[in-house]
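Below: one structure, written as structure tokens.
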Amino acid sequence: MTGKERAEKRKEANGLETIFQIGKEDIGENMISAIDSALKKRELIKLSVLKNCALSAKEAASVLSEELNAEIILCIGRKFVLYRRNQEEL
């Protein structure tokens with residue numbers, strides 16, 4: 001992904017609502033499955049990490065991007081945005 005494409009996705013993510021929160025249970029198989037489904041539907045999703053989570057937002061974003069083959073678009077404070085192109089629409 002080029003810098004220009006990433007900037008465009010950051011602009012899109014600005015208006016998004018957080019749809020997943022990662023808490024003290026950290027990242028389990030059920031959460032990965034749910035986030036995978038959301039990425040298939042939306043391509044671009046915003047997540048947040050609660051204060052009681054052992055992971056930081058950067059660590060959670062890194063784990064999820066690796067597991068789901070997604071790109072980290074943005075990571076600020078306790079929130080981050082993931083993007084994965086929907087292969088079915090190509």
Side-chain angles (χ1 to χ4, degrees):
M1 176 175 272
T2 66
K4 192 172 188 178
E5 291 171 329
R6 188 176 302 279
E8 192 62 38
K9 293 298 176 193
R10 266 193 296 246
K11 193 187 299 184
E12 281 181 49
N14 198 25
L16 291 178
E17 293 292 320
T18 302
I19 61 170
F20 288 102
Q21 294 180 330
I22 302 168
K24 67 179 179 180
E25 299 296 319
D26 291 333
I27 301 169
E29 290 301 316
N30 290 339
M31 171 146 312
I32 290 172
S33 173
I35 294 171
D36 185 46
S37 295
L39 282 168
K40 283 180 186 171
K41 274 187 172 176
R42 302 179 184 207
E43 291 188 347
L44 191 67
I45 61 171
K46 188 182 281 187
L47 303 94
S48 69
V49 177
L50 300 177
K51 290 181 181 179
N52 62 355
C53 183
L55 300 172
S56 71
K58 286 183 181 182
E59 292 168 335
S62 178
V63 167
L64 286 171
S65 69
E66 203 171 292
E67 285 284 329
L68 299 168
N69 196 26
E71 290 197 47
I72 302 168
I73 299 298
L74 177 67
C75 188
I76 297 177
R78 295 192 166 278
K79 296 189 180 198
F80 62 97
V81 177
L82 294 178
Y83 170 75
R84 184 178 69 198
R85 185 176 207 151
N86 190 345
Q87 298 299 320
E88 295 171 7
E89 293 180 5
L90 295 179

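For reference, positions follow the sequence shown, starting with 1. Everything numeric here is computed off the predicted structure, so don't read it as measured data.
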Reported CE-to-CD distance for the pair Met31 and Glu25, which is rounded to 0.5 angstrom:
9.5 Å
Side chain to side chain, Ile22 and Leu64, heavy atoms closer than 4.5 Å:
yes
Does Tyr83 belong to the same Ile/Leu/Val/Met/Phe/Trp/Tyr cluster as Ile76, with side-chain heavy atoms less than 4.5 Å apart forming each link?
yes
Assigning hydrophobic clusters by single linkage (Ile, Leu, Val, Met, Phe, Trp, Tyr; side-chain heavy-atom cutoff under 4.5 Å), is Phe80 placed with Ile32?
yes
Would you indicate whether the side-chain heavy atoms of Ile45 and Leu39 approach each other to under 4.5 Å?
yes
Nearest heavy atoms of Asn14 and Lys46, plus distance in Å:
O-NZ, 3.9 Å
Within one Ile-Leu-Val-Met-Phe-Trp-Tyr cluster: Leu74 and Leu16, side-chain cutoff 4.5 Å
yes
Can you confirm whether Glu12 sits close enough to Val81 that some side-chain heavy atom of one is under 4.5 Å from a side-chain heavy atom of the other?
no
Testing the basics here: between Asn86 and Lys40, what is the closest heavy-atom pair and its distance to 0.1 Å?
ND2-O, 2.9 Å
Quick one: pull up OG in Ser62 and NZ in Lys58 and give me the separation to the nearest 0.5 Å.
11.0 Å
Within the structure provided, determine whether Glu71 and Arg85 are in side-chain contact (heavy-atom separation under 4.5 Å).
no
Does Arg6 use its side chain to pair, donor to acceptor, with the backbone of Ile72 at less than 3.5 Å?
yes
Heavy atoms of Gly77 and Ala57 approach each other most closely as O-CB, 3.3 Å
Nearest-0.5 Å distance, CD of residue Gln21 to CG of residue Leu50:
4.5 Å
Might you point out which heavy atoms bring Lys79 and Thr18 nearest each other, and give the distance in Å?
NZ-OG1, 3.5 Å
Least distance between heavy atoms, Ala70 atom then Leu82 atom
CB-CB, 4.5 Å
Inter-residue atom distance Arg42.CZ - Ser37.OG, 0.5 Å rounding:
11.5 Å
Are more than 12 heavy atoms from other residues, nucleotides or ligands located less than 6.0 Å from atom CG of Asn52?
yes
Taking all atoms of both residues into account, what is the closest heavy-atom pair of Leu44 and Ile73, and its distance?
CD1-CG1, 4.1 Å
